Number of protein chains: 2
Amino acid sequence: MLTISQLAAYAGVTVRAVRHYHKVGLLPEPERDRSGYRIYNAAAVVRLIRIRTLADAGVPLARVQELLDAGPEEFAGGVQEIDKDLRAEIRRLQDTRSRLARLAAGEHLALPQSVVDYLDRLRGLGVGERYIELERDAWIMIAAQVPHLIDSVIARKHEELDDPDMVRLYSFFTGEPDWRAGDPRIVEVADVLERLMIRAVEAGEVGADGFDDQFVALMDSTMLESAPGAELVLAILEERGWSGWTRIERVPADRLNTELPPS
Amino acid sequence: MLTISQLAAYAGVTVRAVRHYHKVGLLPEPERDRSGYRIYNAAAVVRLIRIRTLADAGVPLARVQELLDAGPEEFAGGVQEIDKDLRAEIRRLQDTRSRLARLAAGEHLALPQSVVDYLDRLRGLGVGERYIELERDAWIMIAAQVPHLIDSVIARKHEELDDPDMVRLYSFFTGEPDWRAGDPRIVEVADVLERLMIRAVEAGEVGADGFDDQFVALMDSTMLESAPGAELVLAILEERGWSGWTRIERVPADRLNTELPPS
DNA sequence: ATGGAGGGTTGACCCAGCGTCAAGGTCAAG
DNA sequence: CTTGACCTTGACGCTGGGTCAACCCTCCAT
């Protein structure tokens, strides 16, 4: 007759594991001696070894139960199913690995390559790092929101950058984004922006963009929070009958100055 | 400004996950509105997306923290280390798979092929299934106890089976193992056994066997528990100056009937 | 008989990464 | 005013045990 530690030693497991198997019902609780110690026989050793063999083979404890009591057919079936799970888990980890590799290669977190290229183009235009970070954060959100559209959206952005006015616009953003009211650049930026907007409207490029209204509002509020100058530019443009930032719209004349957009 | 569920939706995570990230300090707790609701801004969306990106890539949350705040070099280093962990985990699962495959192929739990073959040979001799199970359980314990010796032990057993007396011995075990006192086969078995023992002693095959005493006692007690006839056979053999079962020994004449082995 | 060593016992907290109630407060709309 | 959707904190569950804590039992030497 064996004590729990002897049993555990014979089966090559820890005492704690044996008690755990008792608790989950894998190994029946044996008799106790008069002092309360569990006393085991060889049958327990055998059962415990079989449990260990299955558990070491990757069988979840919950399934060890069924497999131990199963006939050869159910046993084979169960083993196959467990192998299927293992294969799936391995594939999952391999997917994870390749994602991790892409992530390390791209070196820009949560951004597809096309966006990284676009940001590099902005850098090439002399745009300051602080503005780049603002853009980057916006693109992170856009990429998360509409991952299937991101490449086409970026393509359109590249086309827009072929317009000299757009290049001129970005050339304003070389320093820190802390413009104050009265900065002469603000009106200049508004002028350039208005020209761009007019051209966009004429080209019929204004309309459904695939984003929902809330998301557009979120993007706008981010810009306004991060760049104080943006608010001033927006104010000028609103006087001239434009509203929006992420998504530009012509405001009908009769609504001007009567219904302000929620800030 | 966003509620927690809007934030979660933008980042593609669950509300519960967001709160979890707050608890573990990955995402700073934002301001609350007057009713206690958390209110988020776009910066939180961006940070949450970056957290998700890393977490989805298999980075443990504890490490996401460092990676988010790390420069490009530490980032690359951290990613490499995580990849190493992933590779190790994949290899572990693959090992598990092959073990599982061997287990399914062997179809006999916790037994090496050599033992399965040996049991098949016994079956071929007409030994009953119940006895086979007794043998099998004993071999499970032996294989667990001395896995490195199991093949040589089995080889010796095969040699023993070349002895016609051993075949004769096993030929007794074709039915149920519930022999009662008075069964004439008991004496016959004892006779055969004694002849085998004598020959083993003469061949010098008795002695150190690589098992410890406790283990031998355990094996003996199993046999005695499972097969009532074994006890009777043992009694006869003890009268004739033998002791042990798993490990046979000549008892010196002066100890006969004075010191019985503990049952 | 007594003290210490070295077993044993139950119970409870710990790890990751949340899912899932529970029990109640808030908000917007009809 | 009610309803239903959403928010809050808190706590338990899952896997497979590891690691104390606090106390009991047995054996051996003194």
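In this text the structure is predicted, and so the values were computed from the model without any measurement. Quick note on labels: first sequence line is chain A, next is B, and so on, each numbered from 1.
Between A/Tyr118 and A/Trp139, the ring planes are perpendicular. Angles over 60° get that label, and only those under 30° would be called parallel.
In this structure, B/Arg38 reaches the sugar-phosphate backbone alone: every heavy-atom distance under 4.0 Å involves primed, P, OP1 or OP2 atoms, never a base.
In this structure, NZ of A/Lys23 is placed 15 Å from C1' of D/dG13, rounded to the nearest angstrom. Between the CG atom of B/Leu2 and the C1' atom of D/dC7 there is a distance of 15 Å, rounded to whole Å. Rounded to whole angstrom, the span from the CD1 atom of B/Ile4 across to the C1' atom of D/dA5 amounts to 15 Å. The distance from atom CD of A/Gln6 to atom P of D/dT26 is 15 Å, rounded to the nearest whole Å. Atom OH of B/Tyr37 and atom C1' of C/dC27 are 6 Å apart (whole Å). As rounded to whole Å, 14 Å separates atom C1' of D/dG17 from atom CG of A/Leu48. For the pair B/Glu29 CD and D/dT8 P, the computed distance is 9 Å after rounding to whole Å. Here D/dT15 presents its C1' atom at 14 Å from CZ of A/Arg63, a figure rounded to the nearest Å.
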Sort me out a list of protein N/O and nucleotides 15-18 of chain C N/O pairs below 3.5 Å, or just none if empty.
| from | atom 1 | to | atom 2 | distance (Å) |
| --- | --- | --- | --- | --- |
| C/dG17 | OP1 | B/Leu61 | N | 3.4 |
| C/dG17 | OP2 | B/Leu61 | N | 3.3 |
| C/dC18 | OP2 | B/Tyr21 | OH | 3.3 |

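Side-chain atoms of A/Asp220 come within 3.5 Å of backbone atoms of A/Thr246 as a donor-acceptor pair (strictly under, hydrogens ignored). No donor-acceptor pair closer than 3.5 Å links the side chain of A/Ser226 to the backbone N or O of A/Met223. Checking side-chain atoms of A/Arg247 against main-chain N and O of A/Val216 turns up no donor-acceptor pair under 3.5 Å. The closest donor-acceptor contact from the side chain of A/Arg99 to the backbone of B/Asp56 lies under 3.5 Å. In this structure a side-chain-to-backbone donor-acceptor pair under 3.5 Å is missing from B/Tyr40 to B/Glu31.
Between A/Asp33 and B/Gly36, the residue anchored nearer the 5' end of DNA chain D, judged by the nucleotide with its closest heavy atom, is B/Gly36.
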Side chain to side chain contact (heavy atoms under 4.5 Å, CB included), that's the test. Do A/Ile39 and A/Arg32 meet it? Break it down for me. CA-CA 6 Å; A/Ile39 43 177; A/Arg32 308 290 185 115; 5.9 Å; no

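Taking only side-chain nitrogens and oxygens, A/Arg19 never comes nearer than 4.0 Å to OP1 or OP2 of D/dG17. Here B/Thr3 does not reach the OP1 or OP2 of D/dC6: none of its side-chain N or O atoms lies under 4.0 Å away. Residue A/Ser35 places none of its side-chain N or O atoms closer than 4.0 Å to OP1 or OP2 of D/dC24.
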